[in-house]
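In this chain, residues are counted from 1 in sequence order.
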Amino acid sequence: MPTDPTDRLIRLRTRFALLDTNGNGHLQSDDFALLADRVLDSLSADRDSAKAHALTQGCRTFWQGLAAACDRDGDATVTFQEYAAAIHDAAHFDQYGSPYARAVVALADTDDDGQVEQGEFIACMTAIGFAPPQVRQLFAALAGQRGRITTDAWSAAIKDYYVSDSANTPGQLLANQPA
């Protein structure tokens, strides 16, 4: 089923705003370094740990992929117009976004059991910039009765959030940010 262009634009604007970590209206490499710092701080992560290094590298890779796909004028920034014009597909995300997604999820899985508890999920997602009410709704949708989310389910939800045109994915809850 085709996506409503308005829904697509809302999702694109929401994703762009989250990645624009410093809020200056365009994406730069500094936004992704700041994103990594916020997530690391939210979980009180040891900056010298392998997980912290994986997150930092994952954010760097995410930026490099976006810049390569979106920065049409080569000015080391990505405007919303450049971002919206780019193809946001699964293959691109697998190469450039998945290292970030896997690193975020691994960092939040503090005991390495393949599960993420609600506290770590909320801390991490709000540090990324999502609104707490939507984060709690997403956690409930992904966790169900278990009270925890599997790292695989969360990684898949991150990918869906960035590449799916469907309004029927759990990540769509995050596109409905309060004004």
Atom of E117, atom of G147 and distance for their closest heavy-atom approach: OE1-O, 4.4 Å
Quick check against the 3.5 Å criterion: does D31 have a side-chain atom that pairs as donor or acceptor with the backbone of T21? yes
Evaluate side-chain contact (heavy atoms from CB on, under 4.5 Å) for V116 paired with D109, printing each intermediate quantity in order. CA-CA 5 Å; V116 177; D109 180 10; 4.2 Å; yes
Test item: I158 and V105 side chains (from C-beta on) under 4.5 Å apart, heavy atoms: yes
Residues passing the side chain to side chain donor-acceptor pair (under 3.5 Å) test with Q64, sequence neighbours excluded, are none
State whether the side chain of D152 and the backbone N or O of A156 hold a donor-acceptor pair below 3.5 Å, judged by distance alone. no
Tell me, please, which residues at least two apart from F121 pass ring-ring contact (aromatic ring centres under 6.0 Å, His included). F139, W154
Answer yes or no: is there a donor N or O on one side and an acceptor on the other, between the side chain of R15 and the main chain of Y161, under 3.5 Å? yes
Contacts of Y96 that satisfy side chain to side chain contact (heavy atoms under 4.5 Å, CB included) - sequence neighbours left out: T61, H92
Partner set under side chain to side chain contact (heavy atoms under 4.5 Å, CB included) for A84, not counting sequence neighbours: L12, F80
Are any of the side-chain heavy atoms of R136 and I122 separated by less than 4.5 Å? yes
Quick one: list whatever passes side chain to side chain contact (heavy atoms under 4.5 Å, CB included) with K51, sequence neighbours left out. S49, L107, D112
So which atom in L18 and which in I128 form the shortest heavy-atom distance, rounded to 0.1 Å? CD2-O, 3.8 Å
Sequence neighbours left out, what passes side chain to side chain donor-acceptor pair (under 3.5 Å) with R60? Give chain and number order. Q57
On a heavy-atom basis, the closest approach of F16 and L27 is CE1-CG, 3.5 Å
Contacts of A123 meeting side chain to side chain contact (heavy atoms under 4.5 Å, CB included) (sequence neighbours excluded), chain-then-number -> S42, L43
When rounded to the nearest 0.5 angstrom, what is the spacing between CD in Q115 and OG1 in T151? 7.5 Å
Hydrophobic clustering (ILVMFWY, side-chain heavy atoms < 4.5 Å, transitive) - are Y100 and L34 grouped together? no
Distance-minimising heavy-atom pair for T126 and P132: CG2-CG, 3.7 Å
Identify whether the distance between the nearest side-chain nitrogen and carboxylate oxygen of D41 and R47 falls below 4.0 Å. yes
For residues 125-135, the salt bridge (charged side-chain N to carboxylate O under 4.0 Å, His left out) pairs (sequence neighbours left out) are none
Partners passing side chain to side chain donor-acceptor pair (under 3.5 Å) against D20 (at least two apart in sequence or in another chain): none
The ring-ring contact (aromatic ring centres under 6.0 Å, His included) partners of F93 (sequence neighbours excluded) come to Y162
Kindly state each residue pair satisfying salt bridge (charged side-chain N to carboxylate O under 4.0 Å, His left out) with at least one member in residues 65-83, sequence neighbours excluded. none
Within the 3.5 Å criterion, strictly below it, is a donor on N24 or Q28 matched to an acceptor on the partner's side chain? yes
Closest heavy-atom pair, L55 versus A36, reported as atoms and distance to 0.1 Å, is CD2-O, 3.7 Å
Could you check if a side-chain atom of L66 sits within less than 4.5 angstrom of a side-chain atom of L19, using non-hydrogen atoms only? yes
Inter-residue atom distance Y83.OH - T77.OG1, 0.5 Å rounding: 15.0 Å
Find out whether T56 and L40 are in side-chain contact, i.e. whether some heavy atom of one side chain is under 4.5 Å from a heavy atom of the other. yes
List for me each residue that meets side chain to side chain donor-acceptor pair (under 3.5 Å) alongside D94, sequence neighbours excluded, and say none if there are none. K159
Side-chain (S155) to main-chain (A153) donor-acceptor, under 3.5 angstrom: no
